[in-house]
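In this text, all values refer to a predicted model and were calculated from it rather than measured experimentally. For the numbers below, each heavy atom of this structure counts, side chains included, while hydrogens, waters and symmetry mates do not. Sequence lines set the chain letters: A, B, ... in the order given, protein chains first and strands last, and positions in each chain run from 1.
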Amino acid sequence: MQKESVAEILSKALAKKKINLKIQEILERIEIPPSSEMGDFAFPCFFLASKLKRNPADIALEIREEIEKIPPEFQDIQTKGPYINFFVNRGNLAADVIKEILEKKDNFGSKGIGKGKKMLVEHTSINPNASPHVGRARNAIIGDSLVRILKFQGFNVDTHYYVNDVSKQIAMLVLAGAEKLKFESMLKKYVKISAEIKKSKKKEQQVFDLLEKFESGDKETTKKFNKVTSTCVKGQEKILGKLGINYDVFDYESTYLNRSKEILAQLEKSGKLFQDEEGRIVLDLKNTSVEGKMRTPLLVLTRSNATGLYPLRDIAYTLDKMKKADSNLIVLGEDQKLYFNQISEALKILGSDFPKVVHYSYILLSEGKKKKKMSTRKGDVVLLEDFLEDAIKKAEKKSKKKSYAKTIGIAAVRYVILKNSADKIINFNLDDALNFEGDTGPYLLYSYARASSILRKIKENKKIELKYDELEPQEIELIKKFAEFPEIVLKSYNNSDPSYIANYSYKLAQAFSDFYQNCPVMKSKNEKFRILLVKSFRQVLKNSLNLLGIDVLEEM
RNA sequence: GCCCCUGUAGCUCAGCCUGGAUAGAGCAUUAGCCUUCUAAGCUAAGGGUCGCAGGUUCAAAUCCUGUCGGGGGCACCA
């Protein structure tokens with residue numbers, strides 16, 4: 001709104017100089033200055049220099065002179081070098097923003113984009129073989145945050161977890177006789193059997209035999225597979241549940257085994273199916289987006305013995321998902337990029353749309369200067385549950401009540417994952433991750449708790465009074481941060497990337513710390529106004545953290 | 001060989017999409033601040049050829065091309 005006023009003022013002034021620009025063009029050129037001292041909006045005059053053959057700083061001065069009256073929305077309009085800087089009336093801004101926050105409360109920041117729309121999100125979908133490590137958890141944490149963002153924007157979201165029960169990993173565990181084991185013992189068993197299989201070709205063959213038996217519906221084998229899968233899924237669900245990550249539906253790959261023929265028949269109609277010299281059925285993907293991304297653009301659908309491969313089940317599953325919602329989102333590791341591209345092309349051939357996909361990179365374990373990939377197979381991992389437990393233990397030592405530790409631990413874990421953009425490899429160092437100072441989850445909670453502490457000490461004043469003497473720079477920064485929140489949420493939504501919200505939360509908390517340090521609330525001249533600022537801060541930070549899956553604490 | 005991601009301070013990252021005013025944080029280091037709302041905090045200092053080389057532009061960390069380093073992927077694993 002204020003930006004539009006800036007454009008209008010400029011448009012008039014420019015016209016007097018016989019420079020006719022459309023409002024839209026001016027809007028595109030308006031910038032936000034790097035610091036509030038330079039104003040709230042800026043108009044750079046460089047582009048006029050070549051046209052007018054003048055120094056851009058002089059041009060700025062001249063345009064400024066053409067602006068006679070400063071409208072009430074603005075405090076001042078100044079030039080600084082080649083920039084014309086606009087200072088909005090901060091009082092108005094403060095009043096507008098604070099009113100909106102305190103009215104909309106938990107809804108402040110939502111644009112309600114998803115109202116009346118159904119969304120299906122699939123995330124996590126870890127191999128059900130053992131306790132998830134931090135690398136795997138990145139999927140779940142990003143996925144869960146996206147679900148929260150979507151719900152916040154008004155979508156009706158269903159969260160699905162796809163269980164790859166038709167898998168070599170389960171077969172390995174079955175071979176190792178793990179069906180009676182508890183979840184806690186699975187990892188050890190898995191590491192052991194992995195090592196054994198690596199050494200023995202015979203054992204490896206046994207694994208494939210088991211898998212084939214399961215695929216063909218052998219009752220004894222199925223029973224064992226189901227037992228192992230069920231133990232693992234329940235175990236993983238419990239651990240992720242501790243982080244506040246929950247699922248509406250678990251879909252099992254094995255239920256799609258009998259859909260293979262049907263999918264093949266449908267693909268057959270496209271004429272792009274062929275059998276190669278070894279008897280495999282293959283989908284030709286020439287002239288699709290995967291061309292040039294792989295040696296030969298195709299997708300192998302069956303083994304030479306005609307049994308279906310994973311992609312067939314995946315296609316069947318995705319077709320089902322697409323029918324269940326207005327739109328679909330899936331979170332996958334970067335290693336699945338090309339594969340998912342292939343699946344999407346297959347779906348296109350079948351006349352179906354395909355899910356929007358969010359990819360994320362690995363988490364590397366970094367110890368000193370060494371960096372290595374986490375491997376469940378080798379047992380070379382930081383387990384999510386261990387990490388969380390360490391974080392909670394550390395929090396217990398520092399907080400006023402032990403019961404706060406869980407929330408603080410979760411905040412530390414989730415935030416450290418979410419603050420990085422998804423396509424970046426995270427160098428994970430447990431010691432750094434357990435640091436609760438600076439750019440961390442606990443710091444965010446701390447700033448919230450301090451805000452709450454102020455309000456506890458002040459007599460409740462229900463009247464909203466927006467009167468104050470003069471705004472301090474720290475107050476202005478804080479208010480401007482509040483005003484940014486809805487745009488940040490929108491950006492996160494548009495890019496399916498929670499890291500914007502994570503980084504915003506930190507900057508918001510920092511702005512509050514700065515305010516806290518410099519602007520006493522109690523017994524200050526502007527006490528009533530500052531109380532409203534503190535209240536607004538709590539609300540905005542709470543909303544922001546909620547999207548990251550972090551609960552707030554009133555004290556810690 | 002081809003495709004995708006990535007390279008910014010000693011370390012971990014933001015900024016890049018949408019080019020502009022002195023490149024920002026945190027950790028670590030050094031020096032300060034608790035008889036006033038929680039010091040998990042704040043202030044200050046040192047620390048940068050934004051991988052490298054070209055190009056576009058009045059202006060490039062940001063856009064384009066090339067190149068080097070790291071990661072991922074490219075036919076019966078899931």
I'd like to know whether A/Glu484 forms a salt bridge (Lys or Arg N to Asp or Glu O under 4.0 Å) with A/Lys481, so could you lay out the CA-CA distance, the side-chain angles of the two residues, the decisive distance to 0.1 Å, and finally the verdict.
CA-CA 5 Å; A/Glu484 253 181 68; A/Lys481 274 278 163 295; 3.2 Å; yes
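- Looking at heavy-atom distances under 4.0 Å, A/Ile426 makes contact with sugar-phosphate atoms alone, never a base.
- The nearest whole Å value for the distance from the CE atom in A/Met522 to the C1' atom in B/U36 is 9 Å.
- Within 4.0 Å of A/Lys491, counting heavy atoms only, lies at least one base atom of the nucleic acid.
- Contacts of A/Arg136 classified as salt bridge (charged side-chain N to carboxylate O under 4.0 Å, His left out), with partners at least two apart in sequence or in another chain: none.
- Scored by the salt bridge (charged side-chain N to carboxylate O under 4.0 Å, His left out) test, A/Glu215 finds A/Arg303 as partners (sequence neighbours excluded).
- Judged as a side-chain contact (heavy atoms from CB on, under 4.5 Å), and not counting sequence neighbours, the contacts of A/Phe208 are A/Lys168, A/Glu204, A/Gln205.
- Within the 4.0 angstrom heavy-atom criterion, base atoms lie near A/Ala449.
- Side-chain N/O atoms of A/Lys457 include one lying less than 4.0 angstrom from OP1 or OP2 on B/U38.
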Given protein heavy atoms under 4.0 Å, the one-letter contact record of nucleotides 72-78 of chain B, with B base, S sugar-phosphate only and - none, is simply SBBBB-B
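- Not counting sequence neighbours, the partners of A/Arg414 by the salt bridge (charged side-chain N to carboxylate O under 4.0 Å, His left out) test are A/Asp144.
- Note on A/Phe436: a base of the nucleic acid sits closer than 4.0 angstrom, heavy atoms only.
- Residues passing the salt bridge (charged side-chain N to carboxylate O under 4.0 Å, His left out) test with A/Arg280, sequence neighbours excluded: A/Asp276, A/Glu278.
- Checked against side-chain contact (heavy atoms from CB on, under 4.5 Å), A/Arg456 has the following partners two or more places apart in sequence or in another chain: A/Ser452, A/Ser453, A/Glu554, A/Glu555.
- Nucleotide B/C63 is shown with an anti base, its glycosidic torsion being more than 90° from 0.
- Within the nucleic acid shown, A/Ser399 comes within 4.0 Å of at least one base atom, counting heavy atoms only.
- Note on A/Cys45: nothing from the nucleic acid sits closer than 4.0 angstrom, heavy atoms only.
- Residues passing the side-chain contact (heavy atoms from CB on, under 4.5 Å) test with A/Lys356 are A/Leu329, A/Ser496, sequence neighbours excluded.
- The ring-ring contact (aromatic ring centres under 6.0 Å, His included) analysis of residues 395-417 of chain A, with sequence neighbours excluded, yields no pairs.
- Among A/Val300, A/Ile281, A/Asp314, A/Leu301, the one residue that satisfies the side-chain contact (heavy atoms from CB on, under 4.5 Å) test with A/Leu309 is A/Val300.
- Across all strands shown, A/Lys337 has heavy atoms under 4.0 Å from sugar-phosphate atoms exclusively, and none from any base.
- Taking A/Arg29 as the reference, A/Phe43, A/Phe47 meet the side-chain contact (heavy atoms from CB on, under 4.5 Å) condition, with sequence neighbours excluded.
- Each of A/Asn427 and A/Ser513 has a nearest nucleotide on RNA chain B; the 5'-most of these lies closest to A/Asn427.
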Base versus backbone protein contacts along nucleotides 21-28 of chain B [heavy-atom cut-off under 4.0 Å; B, S, -]
BB--SSS-
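- Across all strands, A/Tyr162 comes closer than 4.0 Å to no nucleic acid atom at all (heavy-atom distances).
- For the strand RNA chain B, secondary-structure stems (runs of at least three Watson-Crick or G-U pairs, all distances below 3.5 Å) span B:1-7 with B:68-74, B:10-13 with B:24-27, B:29-33 with B:41-45, B:51-55 with B:63-67.
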